[in-house]
Amino acid sequence: MKYLYEMGAALACYMVVLVASLIALTQFQDAGFVVRAAITLSPVIPAAFMCWAVVRQLRRLDEMQLRIQFEALGFAFAASALLTFSYGFMENIGAPHLPWLWVWPVMAMMWIVGLMIAKKRYQ
């Protein structure tokens, strides 16, 4: 339950800061690079709190749950690397360029797939 509060608060802050930064960017179009970079990167701060919430939750898990998460994350790391690496090659032959913003959703989906595989393995 503690995880849900930590992640929920971080996610809510992220959404507020993201919207605020997008609005601020329209107001500061003529500002210098440093100002625009600070505004653009401001959502990274609450995103870091989301990472912190995940790590704190992993520390709360028992050995079996931790093992399942470890296997799922290992799968997600390898599968995400393989998918993004492969798609990079596909761009060389005309596949549309995808922004780096797509990497995290790919990793999240592979983590979910990894969790399903690992949980089934230990049932």
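Keep in mind that the numbers below use all heavy atoms, side chains included, and drop hydrogens, waters and symmetry copies. In this text the structure is predicted, and so the values were computed from the model without any measurement. Along the sequence shown, residues are numbered consecutively beginning with 1.
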Query raised in the report: Is there a path from Val103 to Val106 through hydrophobic residues (I, L, V, M, F, W, Y) whose side chains come within less than 4.5 Å of each other?
Result: no
Query raised in the report: Got a donor-acceptor contact below 3.5 angstrom from the Ser80 side chain to the Phe77 backbone?
Result: no
For residues 23-40, run the donor-acceptor check on the side chains, cut-off 3.5 Å, and write out each pair with its distance to 0.1 Å, sequence neighbours left out.
residue: Thr26; atom: OG1; partner: Ile23; partner atom: O; Å: 2.5
residue: Arg36; atom: NE; partner: Ala31; partner atom: O; Å: 3.1
residue: Thr40; atom: OG1; partner: Arg36; partner atom: O; Å: 2.8

Report task. Please check if Val54 and Met107 belong to a single hydrophobic cluster, counting links between Ile, Leu, Val, Met, Phe, Trp and Tyr side chain heavy atoms closer than 4.5 Å. Result -> no
Query raised in the report: Between CZ of Arg67 and CZ of Arg121, what distance do you get to the nearest 0.5 Å?
Result: 6.5 Å
Query raised in the report: Quick one: does Leu82's side chain get under 4.5 Å of Ser86's, heavy atoms only?
Result: yes
**Report entry** Side chain to side chain, Leu22 and Val19, heavy atoms closer than 4.5 Å
**Finding:** no
Query raised in the report: In terms of hydrophobic clustering (I, L, V, M, F, W, Y; side-chain heavy atoms under 4.5 Å; direct or indirect links), are Met50 and Tyr5 co-clustered?
Result: yes
Report task. Tell me whether Leu61 is reachable from Phe70 by hopping between hydrophobic residues (I, L, V, M, F, W, Y) whose side-chain heavy atoms are closer than 4.5 Å. Result -> no
Report task. Check whether any side-chain heavy atom of Gln69 sits under 4.5 Å from a side-chain heavy atom of Trp111, and report yes or no. Result -> yes
Report task. Give me the other members of the hydrophobic cluster that Trp52 sits in, counting Ile, Leu, Val, Met, Phe, Trp and Tyr linked by side-chain heavy atoms under 4.5 Å, directly or via other members. Result -> Ile45, Phe49
**Report entry** Separation between CG of Leu66 and CG of Leu73, rounded to the nearest 0.5 Å
**Finding:** 9.5 Å
Query - OH (Tyr87) with more than 12 external heavy atoms under 6.0 Å - result: yes
Report summary line: Scanning both residues in full, the closest heavy-atom pair of Glu91 with Pro96 reads OE2-O, 3.7 Å
Report summary line: Output for pair (Gln57 CD, Leu4 CG), nearest 0.5 Å, gives 8.0 Å
Query raised in the report: Is Gln65 reaching over with its side chain to a backbone N or O of Arg60, donor-acceptor style, under 3.5 angstrom?
Result: no
Requested in this report: Measure the OG1-CE distance between Thr84 and Met110 for me, rounded to the nearest 0.5 Å.
Outcome: 11.0 Å
Query raised in the report: Any chain of hydrophobic side-chain contacts (each under 4.5 Å) joining Leu115 to Met64?
Result: yes
